[in-house]
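The next block holds one structure in the form of structure tokens; read it before the comments.
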Amino acid sequence: MPIARVALPVRAQSAFDYWIPEGLAVGPGSMVRVKLGPRRLVGVVTDLASETDVAPEKLQPIQDIVSGAPLAGDVLDLGAFVAAYYQEPIGLALALAVPPTAGERKLRTQAPDANRLTDEGHLALPGRLARAPSALNCAQLAAVQAIAAADAGFAVFLLHGVTGSGKTDVYLATADAVFARGQQVLMLAPEINLTPQLLDRVREARPDLRIATLHSGLGDSERRAQWEAAASGAAQLVLGTRLAVFTALPALGLVIVDEEHDLSYKQQDNVRYHARDAAVWRARRRNVPVVLGSATPSLESWLHAREGRYRRLDLPQRADPRAAMPRVSFAANRSARSSDGVGATLRAAIAARLSRGEQSLIFVNRRGYAPSLVCAACGWEAQCPRCSVRLTTHRVPPSLRCHHCGHGERLARACPECGNVDLTPLGYGTQRLERCLADAFPQARIARVDRDSTRAKNAFASVRERMNANELDILIGTQMLAKGHDFPRLTLVGVLGADNALYSADFRATERLAALLMQVTGRAGRAQLPGEVIVQTDFPAHPVYTALAAHDYARFADLLLAERKDAQLPPFAHVALLAAEAHDRSDVDAFLGAAHAAAAALVASAHPAVIVFSPVPALLQRRAGLERGQMVVQSARRVALQRFLPEWRAALDSLPGRRARWGLDVDPAGFG
Ligand code: ADP
Ligand code: ZN
Ligand code: ZN
């Protein structure tokens with residue numbers, strides 16, 4: 001009997017066997033509907049076989065084939081690679097490649113037309129002036145030519161260009177040659193729905209290009225239509241977030257990963273893959289070039305480039321000759337108990353902008369009103385009942401909220417411990433800053449952009465419009481504002497609260513801070529008007545700040561790499577993090593203790609190049625009512641860790657009496 005091995009989207013380590021009814025044309029890559037117990041699931045056929053170990057009376061048939069061509073070999077291989085490398089079930093990895101099937105019936109009668117592709121998630125920006133295309137400058141041309149010289153074969157290019165250096169034009173010029181050969185380009189971007197500007201730019205520059213967009217803001221049927229356009233070859237450019245790396249692309253000729261350092265490329269749950277690394281893998285599998293672009297490349301990519309595996313291409317200057325890099329200066333933080341955080345230097349700079357009719361952006365890494373609420377009489381602090389963190393005070397609407405688990409409660413009027421009615425919100429977030437600046441500059445038009453203010457659809461787009469129409473003077477926001485927005489009259493960027501990252505226990509915190517600051521800094525003075533950046537810090541001599549002032553990421557990256565090497569941290573060590581959580585701390589400890597023993601035994605018997613660290617509590621010890629702990633295993637050699645992991649995972653699967661939920665994260669974004 002013909003048997004198909006079907007990878008199903010469940011947490012099982014292997015595929016399931018089904019028999020193939022006569023007349024059903026099933027082969028590797030076919031997307032099929034089957035029953036698993038009471039459930040009907042869509043799975044992907046990985047292999048055909050003629051025998052099975054499943055008892056005949058238990059063996060079930062494939063129900064039918066989901067319409068559409070089977071997944072291509074490189075997509076199947078990518079799924080298999082992701083499953084093996086990240087220690088994830090093959091069925092879950094391949095499920096990432098399967099388009100949504102809900103809108104299927106509607107689509108049979110209404111075939112998608114790539115020429116009329118729409119995308120619901122795209123926020124049009126009215127009133128944007130069409131710009132005459134400018135010729136590439138020398139650095140851009142050199143980059144385009146270097147990529148072209150790779151002759152369409154696999155090679156990785158690290159395009160390191162300062163903010164405003166014109167990386168997008170390099171992508172487009174490189175892509176043009178690919179389109180001219182009739183091939184497709186896959187372009188990944190972090191969080192497209194937050195940065196519709198990229199899509200606007202591409203549309204404006206190449207109005208006739210057939211573009212498919214894939215991101216989580218799309219509904220199922222829309223996503224399927226976009227997926228079909230890519231899979232049929234109708235779309236020339238496929239622009240999407242990390243999931244798009246699994247899109248079927250019959251004529252793939254080039255892969256581009258914009259903002260390659262962005263941590264949102266690493267999925268944090270379900271299948272914990274890194275889309276940039278998957279993109280590089282896929283480019284190698286298809287033997288096409290891949291371009292990784294960033295103003296602040298990840299240390300992983302930086303090291304690859306330094307050691308010659310990636311080719312670094314530099315765009316050291318802003319493309320617009322009128323736009324110089326902004327002047328960066330530092331001012332002392334206000335005292336810890338101050339309520340608004342804006343010091344005299346920054347205040348004066350804002351006032352100067354107001355008098356000249358220019359715009360200011362004040363950036364603070366905390367939403368809400370104040371990061372805590374304390375009783376000055378007895379020292380009580382508002383704590384989340386479910387997490388080991390303080391609650392954030394919000395004023396709009398008035399409440400106390402946990403930013404980790406979503407817990408919310410009414411704003412306490414009196415201290416629950418001593419009855420004192422004089423509770424103090426300590427520190428400042430975006431809401432408090434908004435209020436203080438409104439008091440200080442009553443005539444200024446102020447808007448705030450954070451996750452609370454932009455929940456309403458199009459709220460963010462409207463802020464962008466008002467900025468562009470010069471209807472706003474001061475914009476206050478969180479890191480949502482850091483990326484890719486281009487406001488010609490914005491000449492001042494103020495940064496508050498950045499020092500927090502310097503105290504962080506997360507080994508990537510300073511790398512992330514540098515990336516963020518350089519992005520934020522890139523928002524100032526993009527056009528003729530010169531920009532200024534004022535960072536409030538108590539440590540202006542810290543390398544992260546001196547690098548920012550000198551606009552010298554390269555030196556900073558080298559310095560950080562030296563530190564990472566000394567500490568044997570990524571990218572010098574290859575790491576897997578085992579995280580566990582349970583209601584009782586003792587269950588977490590018991591599980592991690594057994595996991596540690598299993599790892600130590602494996603290392604002693606067969607894996608000498610692997611180092612096993614002791615279990616520790618997670619940075620956030622308790623979240624949403626669960627106790628959390630973790631342990632790290634690492635090796636200086638990736639292959640050594642990759643050989644160790646499947647054996648360790650098998651040992652973890654068979655630990656008796658487990659009461660803890662656990663997950664393994666290969667190449668984790670952080671240790672917390
Ligand atoms: P990046 O992505 O590197 O931050 P962008 O691609 O957004 O930079 O380009 C910044 C600005 O410079 C854009 O307004 C772009 O149109 C402009 N630009 C790009 N290339 C050139 C060029 N060769 N000459 C003049 N302006 C350019
Ligand atoms: Zn009290
Ligand atoms: Zn909480």
Side-chain angles (χ1 to χ4, degrees), residues 128-144 159-174 187 189-190 195 197-202 204-205 256 258-260 291 293-297 313-325 373-392 400-409 412-424 482-488 515 518-528 551 553 620-626 628:
R128 194 186 165 83
L129 295 175
R131 189 179 344 91
S134 37
L136 296 181
N137 61 34
C138 289
Q140 287 172 314
L141 259 176
V144 172
L159 181 63
H160 172 225
V162 299
T163 51
S165 60
K167 291 185 285 295
T168 314
D169 296 83
V170 172
Y171 301 150
L172 284 172
T174 303
M187 181 160 171
T195 56
Q197 189 147 314
L198 181 61
L199 190 54
D200 287 345
R201 287 269 308 274
V202 174
E204 189 186 324
I256 297 166
D258 191 26
E259 309 289 359
E260 67 90 26
V291 180
S294 176
T296 52
L313 307 169
D314 288 325
L315 305 178
Q317 248 115 47
R318 286 194 160 175
D320 185 336
R322 298 165 305 174
M325 293 302 278
L373 184 68
V374 300
C375 168
C378 77
W380 170 87
E381 271 185 312
Q383 290 272 349
C384 177
R386 311 172 67 216
C387 307
S388 51
V389 292
R390 292 183 287 236
L391 290 173
T392 301
L400 285 169
R401 282 197 243 152
C402 175
H403 289 183
H404 289 275
C405 73
H407 168 86
E409 56 187 67
R413 298 240 171 269
C415 172
E417 297 287 321
C418 73
N420 170 25
V421 290
D422 195 14
L423 297 180
T424 318
K483 287 176 196 163
H485 307 290
D486 220 341
F487 303 119
M518 296 220 172
Q519 291 285 346
V520 177
T521 302
R523 307 281 75 83
R526 302 269 289 189
Q528 332 35 354
H551 306 291
Y553 183 74
L620 190 62
Q621 293 191 22
R622 213 159 75 89
R623 187 176 64 193
L626 295 173
R628 307 164 75 233

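Start at 1 and go down the list; that is how both ligands and their atoms are numbered.
At least one N or O atom of Q140 sits closer than 3.5 Å to an N or O atom of ligand 1. Taking any N or O of G164, backbone or side chain, at least one lies under 3.5 Å from an N or O belonging to ligand 1.
By the criterion of a separation under 2.8 Å, the protein N/O/S atoms near the Zn ion (ligand 3) amount to C384 SG, C387 SG, C402 SG, C405 SG. Residue-and-atom listing of protein N/O/S atoms under 2.8 Å from the Zn ion (ligand 2), sorted by chain and number: C375 SG, C378 SG, C415 SG, C418 SG.
Counting the atoms of ligand 1 from 1 in the order shown, those under 4.0 Å from a heavy atom of L136 are 23 (N). Close contacts between ligand 1 and T163 involve ligand atoms 4 (O) [criterion: under 4.0 Å to a heavy atom].
Between T392 atom OG1 and L400 atom CG the span is 8.5 Å, to the nearest 0.5 Å. One distance of note links NE2 of H160 with OG of S165; it measures 8.5 Å at 0.5 Å rounding. To the nearest 0.5 Å, atom OG1 of residue T163 and atom CD of residue Q519 are 7.0 Å apart.
With a 4.0 Å heavy-atom cut-off, ligand 1 is reached by the side chain of R201 but not by its N, CA, C or O. Proximity of L315 to ligand 1, defined as any heavy-atom pair under 4.0 Å, is not found for any part of the residue. Contacts with ligand 1 closer than 4.0 Å are made by backbone heavy atoms (N, CA, C, O) of A135 only, the side chain lying farther away.
Side-chain N or O atoms of R628 include one that pairs as donor or acceptor with a backbone N or O of L620 at under 3.5 Å.
When A319, S294, G166 are ranked by how near their heavy atoms come to atom 8 (O) of ligand 1, first place goes to G166.
Here the shortest heavy-atom pairing between P297 and S294 reads N-OG, 3.3 Å.
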